[in-house]
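Here's the structure, in structure tokens; my notes come after.
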Amino acid sequence: MASRHSSRGSPLRRVHPLQWIWEPLESDPTFVLRSMFGAKAGYLQGRLVLAFCAGDEPWNGVLVATEKAHHPSLGHEIRGLRTHPVLGKWMYLPQDSESFESSANRLVRLAQVRDPRIGVMPKPRRKSRRITAGRAKSP
């Protein structure tokens, strides 16, 4: 069984299996990577552009944050890209796609050049309210 600590006792960082896809984006000063529903979500200039999932189908590949109007042109241009079966507003490149590596690299290049078909502005986050002893309390 693999240890979760290095020989010096410090915790090891787990490497996401799709990290190689977002690495070219890391040189962009506006790039931010956040956890999102078990995936890693990449943002450029505040826009959610791509999400990287390593779970079971249909959550095993690259999700493309886009508007429905862009599905036909992106699907025609990127081999293996299709509408996500659960998140129908986004597109999905499954890892078992025959052209996964080249198509994923193409998606990253489109995001890097700020292709207007790639990316959506996330909705503002709502402030959470804590419930303490039966009454709501603002943080």
Mind checking whether Leu48 and Leu63 sit in one hydrophobic cluster, side chains of I, L, V, M, F, W, Y counted as touching below 4.5 Å?
-> yes
Is it true that atom CG of Asp56 has more than 12 heavy atoms of other residues, nucleotides or ligands lying nearer than 6.0 Å?
-> no
Please check if Leu25 and Val32 belong to a single hydrophobic cluster, counting links between Ile, Leu, Val, Met, Phe, Trp and Tyr side chain heavy atoms closer than 4.5 Å.
-> no
Path from Val64 to Val113 over hydrophobic side-chain contacts below 4.5 Å | no
Below 4.5 Å, heavy atoms only, C-beta onward: do His70 and Pro116 meet side chain to side chain?
-> no
Close side-chain approach of Val49 and Trp22, heavy atoms under 4.5 Å = no
Roughly how far, to the nearest 0.5 Å, is OG1 of Thr66 from NZ of Lys89?
-> 11.5 Å
What are the two closest non-hydrogen atoms of Asn60 and Ala54, and how far apart are they?
-> OD1-CA, 3.8 Å
Rounded to the nearest 0.5 Å, the CE atom of Met91 sits from the NZ atom of Lys68 at a distance of 8.5 Å
Are Trp59 and Leu50 connected in the hydrophobic side-chain network, where two residues link if heavy atoms are under 4.5 Å apart?
-> no
How many angstroms lie between CZ in Arg117 and NE2 in His71, if you round to the nearest 0.5 Å?
-> 11.5 Å
Is the shortest heavy-atom distance from the side chain of Leu110 to the side chain of Ile78 under 4.5 Å?
-> yes
Under the side chain to side chain contact (heavy atoms under 4.5 Å, CB included) rule, what do Asn105 and Arg109 come out as? Steps first, then yes or no, please.
-> CA-CA 6 Å; Asn105 286 327; Arg109 283 192 300 278; 3.6 Å; yes
Got a salt bridge between Asp115 and Arg106, using NZ or NE/NH1/NH2 to carboxylate O under 4.0 Å?
-> no
Using a 4.5 Å cut-off on heavy atoms from C-beta on, say whether the side chain of Leu44 contacts that of Phe31.
-> yes
With the side chain counted from C-beta on, respond yes when Val86 and Pro58 share a heavy-atom pair under 4.5 Å apart, and no when they do not.
-> yes
Between Leu74 and Ile118, which heavy-atom pair has the shortest distance, and what is it?
-> CD2-CD1, 4.0 Å
Distance from Leu33 atom CG to Tyr43 atom OH, nearest 0.5 Å?
-> 9.5 Å
Parallel, tilted or perpendicular: rings of Phe100 and Trp20 (30°, 60°) | perpendicular
Distance-only, no hydrogens or angles: does the His16 side chain make a donor-acceptor pair with backbone N or O of Cys53 under 3.5 Å?
-> no
What closest approach, in Å, do Gly80 and Ser99 show between heavy atoms, and which atom pair accounts for it?
-> N-OG, 4.3 Å
Residues, nucleotides or ligands: over 12 heavy atoms within 6.0 Å of Glu23 CD | yes
State yes or no: do Val62 and Leu81 share one hydrophobic cluster built from I, L, V, M, F, W and Y residues joined by side-chain heavy-atom distances below 4.5 Å, directly or via other members?
-> yes
Mind listing the closest non-hydrogen atom pair of Ala65 and Val120 along with its distance?
-> CB-CG2, 3.8 Å
Heavy-atom distance under 4.5 Å between the side chains of Ile21 and Lys40, does that happen here?
-> no
Could you tell me whether the side chain of Leu18 reaches within less than 4.5 Å of the side chain of Gln95, counting heavy atoms only?
-> yes
For the student: nearest non-hydrogen atoms of Gly42 and Phe52, plus distance | N-CE1, 4.3 Å
Distance-only, no hydrogens or angles: does the Gln45 side chain make a donor-acceptor pair with backbone N or O of Arg114 under 3.5 Å?
-> no
Please tell me if the side chains of Glu98 and Arg79 come closer than 4.5 Å, counting only heavy atoms from C-beta onward.
-> yes
Taking every non-hydrogen atom, the tightest pair across Ala104 and Leu93 | N-CD2, 3.5 Å
